[in-house]
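Following: one structure in structure tokens, then a few remarks.
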Amino acid sequence: MSRIAYVNGCYVPHNQAAVHIEDRGYQFADGVYEVCEIADGYIIDMTRHLGRLNRSLSELQMAWPVDKKAFVRIVKEVVIRNRVRNGLVYIQVSRGVAKRDHVFPSASVKSALVITARRSDPAQADAKAQTGVGVITVPENRWDRVDIKTVGLLPNVLAKQKAKEQGAAEAWFVDEDGMVKEGGSTNAWIVTQDGTLVTRPADHGILRGITRTTAIDAAEKLGLKVEERHFSVDEAKNAREAFITAATTILIPVVSIDGDSVANGHAGSITEQLRFQFRIEAEKTSVYR
Ligand code: PLP
């Protein structure tokens, strides 16, 4: 079966899908995006992803490319046309196509919308959740508006490539005080010896991950204490457990940091419980394709 992409009003074969060379997303990274997980036909946390997209667009003074009702219809249509029951849907909005000039184009230039979907195998994610992954740490070198989910991801690309070259799955950005911010495409968490979940506050300096938000709700349902505070690389290395969250992976245990084992170097039970509870919690903010 061939894949179908949505590009500015048309459903086109994926291998022929293209944007204009003067799309501002291509030229200036002047665009925002969302990635949602699809599990058993449900677009997970869709309402929360739409809320964050709305925020990203308004922070950058960008208009919705189509009205929100039509937008949801198109997202579902792409998922259906690609027959994705388990996988991901990728949504990208750029400021549109205009003669290359740094300043915003005139208001008559419509923002551009691209949506793609692809299948993935839930068994692979489950296997990763069993074994856990390693992370490396890298100095923070991104701009200070990483709370906006923009397509400007070059520092993240370089950090994740470095992680891969060192046999790790993620790179954690660390601020100048040695405190962990977040991963290249995930939020970072630890579990303290007394079972408290700790993750950096999302008011500034990290992306407020949708999976992070739902995981906080899930933790509260389990009666686990959650502290939104800074934690150092050393505290993470000495934690009872550590894990990462993102729509692409949900919750994955971190079993080593810069080559040093976290606890006994195995996936921990609190992370596992939370991963299970996440599914129940996410039903509330998910929609069927
Ligand atoms: N932090 C960064 C830098 C990301 O790019 C992402 C996801 O792409 C996340 C965190 C996790 O966000 P979410 O849970 O919404 O996928």
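Counting starts at 1 for both ligands and their atoms, following the listed order.
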(message) For a quick check under 3.5 Å, do Glu170 and Thr186 share a side-chain donor-acceptor pair by atom type?
(response) yes
(message) Applying side chain to side chain donor-acceptor pair (under 3.5 Å) to Thr213 and Arg48, what does each step give before you reach the verdict?
(response) CA-CA 9 Å; Thr213 301; Arg48 283 184 163 152; 5.6 Å; no
(request) Begin from the C-alpha positions of Lys110 and Val97 and carry the test side chain to side chain contact (heavy atoms under 4.5 Å, CB included) through to its verdict. (result) CA-CA 8 Å; Lys110 261 180 64 77; Val97 176; over 6 Å; no
(message) side chain to side chain donor-acceptor pair (under 3.5 Å) for Gln161 and Glu165? Distances and angles first, verdict last.
(response) CA-CA 6 Å; Gln161 176 62 25; Glu165 285 164 9; 2.8 Å; yes
Provide, line by line, the atom pairs where ligand 1 and the protein bring an N/O atom each to a distance under 3.5 Å; else say none.
residue  : atom   : partner : partner atom : Å
ligand 1 : 1 (N)  : Glu182  : OE1          : 2.7
ligand 1 : 8 (O)  : Lys149  : NZ           : 2.7
ligand 1 : 14 (O) : Ile210  : N            : 3.3
ligand 1 : 14 (O) : Thr211  : N            : 2.9
ligand 1 : 14 (O) : Thr211  : OG1          : 2.6
ligand 1 : 15 (O) : Arg52   : NH1          : 2.8
ligand 1 : 15 (O) : Arg52   : NH2          : 2.9
ligand 1 : 15 (O) : Ile210  : N            : 2.8
ligand 1 : 16 (O) : Ala247  : N            : 2.8

(request) Measure from NZ or CZ of Arg289 to the centre of the six-membered ring of Tyr42 and say whether it is under 6.0 Å with the direction within 45° of the ring axis. (result) no
(message) What I want to find out is whether Arg229 reaches Glu235 closely enough, with some N-O distance under 4.0 Å, to be called a salt bridge.
(response) yes
